[in-house]
Amino acid sequence: MSEFQTKISPDSETFARNREDMLALVKRMRDLEARAAAKSEERRPVFDKRGQLSPRERVSALLDPGLPFLELFNMASYLVDDPDPDTSIPGASIILGIGYVEGVRAMVFADDAGINAGAMTQKSVDKALGAIAIAERQKLPFIHLVESAGADLMRYTVELWAHGGGMFAGLARLSAAGIPVITVLHGASTAGGAYQPGLSDYVIGVRGNGMAMLAGAALVQAATGEAAQDADLGGAEMHAATTGLVEYLAANDAHGIEIAREVVSGLGWKACGPALPVCAEPLLPPDQIAGVVPVDYRTPCDMREVAARIADGSDLREFKPDFGPATLCLQARIMGQPVGLIGNNGPLDPDGAAKATHFLQAMDQAGTPVVFLNNTTGYMVGTASERAGMIKHGAKMIQAVTNLRVPKIALYTGASFGAGNYGMCGYAFGADFLFTWPNAMTGVMGGAQAALTMEQVARRTAERKGVEPDEARLAAQRAKITAHFDRQSDAFYTSGRVLDMGMIDPRDTRAVLGFCLHTCQEARVRQLNPNSFGVARI
């Protein structure tokens with residue numbers, strides 16, 4: 001490999017302008033994350049009165065100090081339940097990510113009972129299903145810190161109920177696969193949520209606060225006339241002594257977390273796979289990425305400049321550099337691990353798609369993970385590209401991406417439109433991990449292109465009818481369509497709808513990729529002990 005020679009000067013006005021624009025978007029992301037934390041903190045007096053830790057304190061106590069924690073789906077539900085960008089809260093009432101517990105890489109799922117009592121909405125379900133899918137694929141113990149009011153009945157939809165069943169099925173599959181499910185009952189787990197501990201392999205109940213019941217005292221009295229107390233219906237003490245739903249009874253939240261860590265320690269799931277190799281830092285600092293990439297995808301950007309700032313030693317080897325040159329196929333190492341990188345310096349043309357297909361097959365044959373750096377407006381259109389076999393070559397690329405057997409990690413770094421998103425391992429194509437930068441735009445096409453398309457249709461219709469087009473009406477239509485498409489293409493909008501696994505600071509890209517690659521590597525070598533049913537409570 002050879003060291004990449006950058007053409008970007010950190011002292012240039014362009015670099016400074018790009019950096020200022022990108023960091024403004026990063027600040028918006030961090031402010032939204034802080035908004036969720038602040039909203040949860042408003043419930044601090046309630047937690048204090050009950051002698052509880054706050055949800056974020058629980059997560060902090062569970063995780064090994066000083067080790068990385070990769071938050072997932074951080075923008076989930078933003079602009080969904082509340083469409084007002086000034087008040088909408090991201091996170092979907094769940095704190096979620098991959099971190100280390102007693103040296104074991106694990107999926108950590110904490111209900112944020114500080115926000116709407118931890119009640120779940122549609123995107124909470126989508127986030128939970130995403131977490132379970134990642135845990136299953138990456139063979140990660142699933143640790144759930146429970147305190148939730150169940151489904152948000154004020155926002156109930158039948159889809160929420162139907163899709164919510166997937167959470168139960170997912171937990172059952174984890175247990176059957178030999179992936180432990182560990183639950184700490186910090187507070188209430190009612191109605192359908194009561195099955196969460198029932199589907200867990202280990203349950204720790206916190207005395208006095210932890211509860212699991214299909215119906216609380218008020219509903220029981222309304223439905224049956226029976227006067228009962230919540231503690232008798234589903235208190236942790238009752239379950240520990242009477243039903244056997246709780247294995248370990250904890251004195252308080254901190255004790256419950258301590259027991260959970262002991263359970264993980266007893267799994268025998270220490271990190272597996274080869275030791276992490278010593279690796280060289282990029283010669284071009286990852287921090288410069290904020291100034292390398294313009295926030296407007298219509299401004300050209302050489303994705304080699306990005307690759308060189310995430311690759312070990314900034315060393316890159318380019319595959320077929322002179323054939324289909326707008327499609328970059330690079331080999332490098334990230335955190336010591338060999339990777340193939342595919343990036344876009346323009347639309348995907350027939351030669352570029354053919355090259356990418358060859359490269360993907362070669363990476364798959366070699367067992368090398370592939371990273372997709374999305375920045376394309378799609379596959380090339382026009383007479384020349386159609387006659388050159390764009391459909392055929394694009395389809396081959398999509399087939400190759402879909403059927404890769406090696407880990408695949410996708411990043412939305414700029415544009416990711418149309419079928420180009422499909423060829424670059426977009427949402428529907430089974431990426432092990434898929435993240436977005438805050439400047440990214442994704443969708444079927446850009447707003448301007450959609451507006452122009454519909455304007456041309458209107459003009460041809462008017463011409464066919466022999467009338468003059470209404471220019472004022474066309475201008476209004478153009479503005480409406482552009483706004484409609486661009487609003488839905490914005491990264492904050494799409495990430496709020498769980499169309500990726502989270503939004504990251506571009507400067508963290510190398511660290512995030514390294515963590516994800518190591519997670520995939522560990523999963524590939526871990527041997528599980530599955531059974532046909534899952535751990536059942538008998």
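As the structure is a computational prediction, the values presented were derived from the model and not from experiment. Along the sequence shown, residues carry numbers from 1.
With sequence neighbours left out, Ser495 forms a side-chain hydrogen bond (donor to acceptor under 3.5 Å, both in side chains) with Asp500. Asp48 meets the side-chain hydrogen bond (donor to acceptor under 3.5 Å, both in side chains) test with no other residue; sequence neighbours excluded. By the side-chain contact (heavy atoms from CB on, under 4.5 Å) test, Thr376 is found to be paired with Asn344, Leu348, Met424, residues two or more places apart in sequence or in another chain being considered. Partners of Arg19 according to the salt bridge (Lys or Arg N to Asp or Glu O under 4.0 Å) rule, which considers only residues two or more places apart in sequence or in another chain, are Asp287. Val295 meets the side-chain contact (heavy atoms from CB on, under 4.5 Å) test with Asp21, Met22, Leu25, Asn439; sequence neighbours excluded. Not counting sequence neighbours, the partners of Ala419 by the side-chain contact (heavy atoms from CB on, under 4.5 Å) test are Tyr379, Tyr422. Qualifying side-chain contact (heavy atoms from CB on, under 4.5 Å) partners for Asn529, counting only residues two or more places apart in sequence or in other chains: none.
Not one N or O on the side chain of Glu102 forms a donor-acceptor pair closer than 3.5 Å with the backbone of Val264. A donor-acceptor pair is defined here as one N or O able to donate and one able to accept, closer than 3.5 Å; such a pair exists between the side chain of Asp505 and the backbone of Arg507. Under a 3.5 Å cut-off, the side chain of Ser77 and the backbone N or O of Val80 do not form any donor-acceptor pair. Proximity of a side-chain donor or acceptor of Asn74 to a complementary backbone N or O of Gly502 within less than 3.5 Å is not detected. For Ser40 (side chain) and Ala36 (main-chain N/O), no donor-acceptor pair under 3.5 Å exists by modelled atom type.
Sorted by first and then second residue, the pairs that involve residues 55-76 and meet salt bridge (charged side-chain N to carboxylate O under 4.0 Å, His left out), not counting sequence neighbours, are Arg44-Glu57, Arg56-Asp112, Arg58-Glu147, Arg58-Asp253, Asp64-Arg261. Applying the salt bridge (charged side-chain N to carboxylate O under 4.0 Å, His left out) test to pairs two or more places apart or on separate chains, those with a residue in residues 161-176 are Glu136-Arg173. For residues 159-195, every residue pair satisfying the ring pair (Phe, Tyr, Trp, His ring centres under 6.0 Å) rule, not counting sequence neighbours, is listed here: Phe168-Tyr195.
Salt-bridge annotation for Asp31 and Arg35: absent, with no side-chain N of the basic residue lying under 4.0 Å from a carboxylate O of the acidic one.
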Using residues 90-97 as the side-chain source, report each donor-acceptor pair under 3.5 Å to any protein atom, sequence neighbours left out, with the distance given to one decimal.
none

Quiz: residues 426-434 side-chain donor-acceptor pairs under 3.5 angstrom, not counting sequence neighbours:
residue	atom	partner	partner atom	Å
Asp432	OD1	Lys408	N	3.0
Asp432	OD2	Arg137	NE	3.2
Asp432	OD2	Gln138	NE2	2.8

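Between Leu360 and Ala400, the closest heavy-atom pair is CD1-CB, 3.9 Å.
Counted by atom type alone, Thr442 and Ser416 present zero donor-acceptor pairs between their side chains at under 3.5 Å. Residues Thr87 and Asp82 bring a donor and an acceptor atom of their side chains to less than 3.5 Å of each other.
Taking the side chain as every heavy atom from C-beta outward, Thr494 and Thr436 never approach each other to under 4.5 Å.
Under the 30°/60° scheme for interplanar angles, the aromatic rings of Tyr100 and Phe515 are found to stand perpendicular.
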Problem - Steps toward ring pair (Phe, Tyr, Trp, His ring centres under 6.0 Å) verdict (Tyr297, Phe417) - result: CA-CA 11 Å; Tyr297 69 86; Phe417 287 124; 5.3 Å; yes
